[in-house]
Amino acid sequence: MVKSGRVKTEGDELYYEIRGEGEPLLMIYGGSGDAGFFSYVADILADEYQVITYDRRGNSRSTRNDPIYFEVSQQARDAVAVLKAVGHQSAYVFGSSGGAIFALEMATRHPQSVKAMVIHEPPVIRVLPDAEKWQRFFANVYRTSFRFGVQMASFRFNLSLSIPFSAYKSVPKDFQKRATEANNESFFIRHDMIPSVSYMPDIERIKQNGVKMIAAAGKMTLEKKKYYGRTVPILAEMLNCEMVTFPGHHLSFFDMPQEWAAELRDVLHRVST
């Protein structure tokens with residue numbers, strides 16, 4: 001059973017969903033998505049956790065009020081606002097892709113809201129030895145959206161991900177309809193993307209805050225040496241935390257939900273002891 005609600009914060013209304021009754025688990029997705037990104041694994045994990053997912057401001061069922069202002073620290077405050085609206089002061093936090101960047105900001109500025117955290121394939125490109133190459137790439141994607149349109153820019157971006165077609169075939173149909181109607185793709189390319197990939201976490205402050213951290217990357221992501229996976233061992237070393245390997249690729253919560261959820265459950269059990 002899925003319960004839903006809304007919370008008003010900093011000028012926008014955020015839509016959220018709740019599954020289950022156990023320990024709270026807040027899941028934060030990356031660019032262009034919404035709460036539906038995690039619906040398959042949320043259904044699986046709801047037997048043990050109260051899984052909280054939400055549409056970030058500007059996406060799907062949440063509002064996008066002008067003037068549009070995207071800032072990573074606001075994304076972290078939004079996550080805390082959702083958590084409090086559900087009735088919790090703290091939760092286990094899982095962030096994937098851009099969602100892992102916002103989770104890192106939570107660990108920096110709102111450590112009291114985090115029981116433990118799993119960051120999955122965060123595109124913190126500034127830690128990479130070839131960071132300048134990737135900064136140029138994302139700047140070019142952004143410029144492409146104005147010269148040739150958002151669809152062309154999104155095509156260039158998606159090529160960099162190398163996601164298997166099986167994942168796209170498994171995307172929940174209701175999500176695709178919402179994302180198209182709300183134009184999530186345009187919001188990501190023109191507002192979300194550059195602030196996210198420009199972010200550099202305050203490593204020392206996160207360590208001082210004492211937040212339990214696990215860094216994670218998919219097996220296929222690591223084998224293909226994708227930029228968003230290459231960040232993971234680097235961040236694990238910087239944060240002095242464990243690194244784990246998840247099944248599959250960047251979006252395997254779509255096409256491998258059982259295996260993927262089992263790995264996340266195992267990781268959450270370890271950080272809760």
Side-chain angles (χ1 to χ4, degrees), residues 1-9 12-30 33-57 59-63 75-97 99-100 102-107 110-120 170-175 178 210-214 216 242 244 246-247 251-273:
M1 183 176 176
V2 181
K3 300 176 184 176
S4 64
R6 293 180 177 273
V7 57
K8 190 166 185 177
T9 180
D12 274 295
E13 264 193 1
L14 308 181
Y15 170 89
Y16 61 82
E17 294 182 344
I18 311 164
R19 292 169 172 82
E21 299 292 341
E23 285 283 321
L25 167 62
L26 179 69
M27 302 187 74
I28 312 174
Y29 65 89
D34 70 15
F37 255 35
F38 296 125
S39 58
Y40 297 152
V41 295
D43 285 342
I44 296 167
L45 294 170
D47 67 335
E48 183 176 358
Y49 297 94
Q50 184 178 77
V51 185
I52 305 156
T53 58
Y54 66 104
D55 297 356
R56 293 191 290 107
R57 68 174 63 225
N59 290 289
S60 294
R61 293 155 294 194
S62 291
T63 60
Q75 293 289 317
R77 293 194 301 273
D78 283 353
V80 174
V82 169
L83 192 59
K84 289 183 177 178
V86 176
H88 300 293
Q89 293 302 311
S90 64
Y92 295 104
V93 177
F94 173 86
S96 183
S97 193
F102 312 137
L104 284 164
E105 185 69 356
M106 280 186 75
H110 309 280
Q112 73 283 353
S113 297
V114 182
K115 294 177 183 286
M117 178 173 290
V118 182
I119 51 169
H120 177 255
S170 302
V171 173
K173 289 183 174 59
D174 59 337
F175 159 73
R178 287 192 305 270
V211 176
K212 288 184 182 180
M213 303 284 292
I214 296 276
E242 181 184 356
V244 299
F246 269 52
L251 299 178
S252 280
F253 41 80
F254 285 147
D255 58 348
M256 304 173 65
Q258 292 289 345
E259 302 96 317
W260 198 92
E263 182 62 36
L264 179 55
R265 191 192 300 272
D266 182 61
V267 169
L268 292 171
H269 287 171
R270 294 211 304 276
V271 295
S272 65
T273 56

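Given the structure is predicted, the values throughout are model-derived calculations rather than measurements.
For Lys212, the salt bridge (charged side-chain N to carboxylate O under 4.0 Å, His left out) criterion is met by no residue, not counting sequence neighbours. Applying the ring-ring contact (aromatic ring centres under 6.0 Å, His included) rule to Phe38 yields the partners Phe94, Phe253; only residues at least two apart in sequence or on another chain are considered. Annotation: salt bridge (charged side-chain N to carboxylate O under 4.0 Å, His left out) contacts of Glu17 (sequence neighbours excluded): Arg19, Arg61. Under the rule for a ring-ring contact (aromatic ring centres under 6.0 Å, His included), the partners of Phe175 that lie at least two apart in sequence or sit in another chain are Phe37. With sequence neighbours excluded, no residue forms a ring-ring contact (aromatic ring centres under 6.0 Å, His included) with Tyr49.
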Quiz prompt | Leu25 and Leu45: CA distance, side-chain angles, deciding distance, side chain to side chain contact (heavy atoms under 4.5 Å, CB included) verdict | solution = CA-CA 9 Å; Leu25 167 62; Leu45 294 170; 4.0 Å; yes

Practice problem: Please step through side chain to side chain contact (heavy atoms under 4.5 Å, CB included) for the pair Glu263 and Met256, ending with a clear verdict. | Solution: CA-CA 11 Å; Glu263 182 62 36; Met256 304 173 65; over 6 Å; no

Practice problem: Mind running side chain to side chain contact (heavy atoms under 4.5 Å, CB included) on Tyr92 and Met117 for me, showing each step along the way? | Solution: CA-CA 6 Å; Tyr92 295 104; Met117 178 173 290; over 6 Å; no

Quiz item: Ile18 and Val2: side chain to side chain contact (heavy atoms under 4.5 Å, CB included), yes or no, with the steps?
Solution: CA-CA 6 Å; Ile18 311 164; Val2 181; over 6 Å; no

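Lys115 places a side-chain heavy atom less than 4.5 Å from the side chain of Glu23. The shortest side-chain heavy-atom distance between Val244 and Arg270 falls under the 4.5 Å cut-off. No side-chain heavy atom of Val118 sits under 4.5 Å from any side-chain heavy atom of Val93. The side-chain heavy atoms of Arg265 and Glu48, taken from C-beta on, include a pair separated by under 4.5 Å.
At distances below 3.5 Å, at least one donor-acceptor pair connects side-chain atoms of Thr63 with backbone N or O atoms of Glu13. Proximity of a side-chain donor or acceptor of Ser113 to a complementary backbone N or O of Val80 within less than 3.5 Å is not detected. For the pair Tyr40 (side chain) and Ser170 (backbone), a donor-acceptor distance under 3.5 Å is present. Within the 3.5 Å criterion, the main-chain N or O of Ala35 finds a donor-acceptor partner in the side chain of Asp55.
The list of side chain to side chain donor-acceptor pair (under 3.5 Å) pairs with a residue in residues 76-89, not counting sequence neighbours, reads Glu10-Arg77, Gln50-His88, Arg57-Asp78, Ser73-Arg77.
Closest approach of Pro257 and Val41 over heavy atoms only: O-CG1, 3.7 Å. Nearest heavy atom pair, residue Ala103 against residue Ile119, reads CB-CG2, 4.4 Å. Shown here for Ala100 and Gly95, the closest heavy-atom pair between the two residues is CB-O, 3.3 Å. Pairing each heavy atom of Pro172 with each of Ser39, the nearest pair is CG-OG, 3.9 Å. Summarising the geometry of Trp260 relative to Ser252, their closest heavy-atom pair is CD1-CB, 3.8 Å, with the distance given to 0.1 Å. Residue Val51 comes nearest to Ala42 through the heavy atom pair CG1-CB, 3.6 Å, listed as atom of the first residue, atom of the second, then distance.
Ion pairing between Arg6 and Asp12 fails under the 4.0 Å rule for side-chain N and carboxylate O. Ion pairing between a basic and an acidic side chain is recognised when a charged N comes within 4.0 Å of a carboxylate O; Asp174 and Arg178 show such pairing.
Ring orientation note: the planes of His120 and Phe246 are tilted relative to one another, at an angle of 30° to 60°.
Taking OH of Tyr15 as the reference point, atom OG of Ser4 lies at 4.0 Å (rounded to 0.5 Å). Separation of atoms OG (Ser90) and NE2 (His110) is listed at 14.0 Å; rounding is to 0.5 Å. The CD1 atom of Ile28 sits 8.5 Å away from the CZ atom of Phe102 when rounded to the nearest 0.5 Å.
The side-chain tip of Arg56 points at the ring of Tyr29 from less than 6.0 angstrom away and within 45° of straight on.
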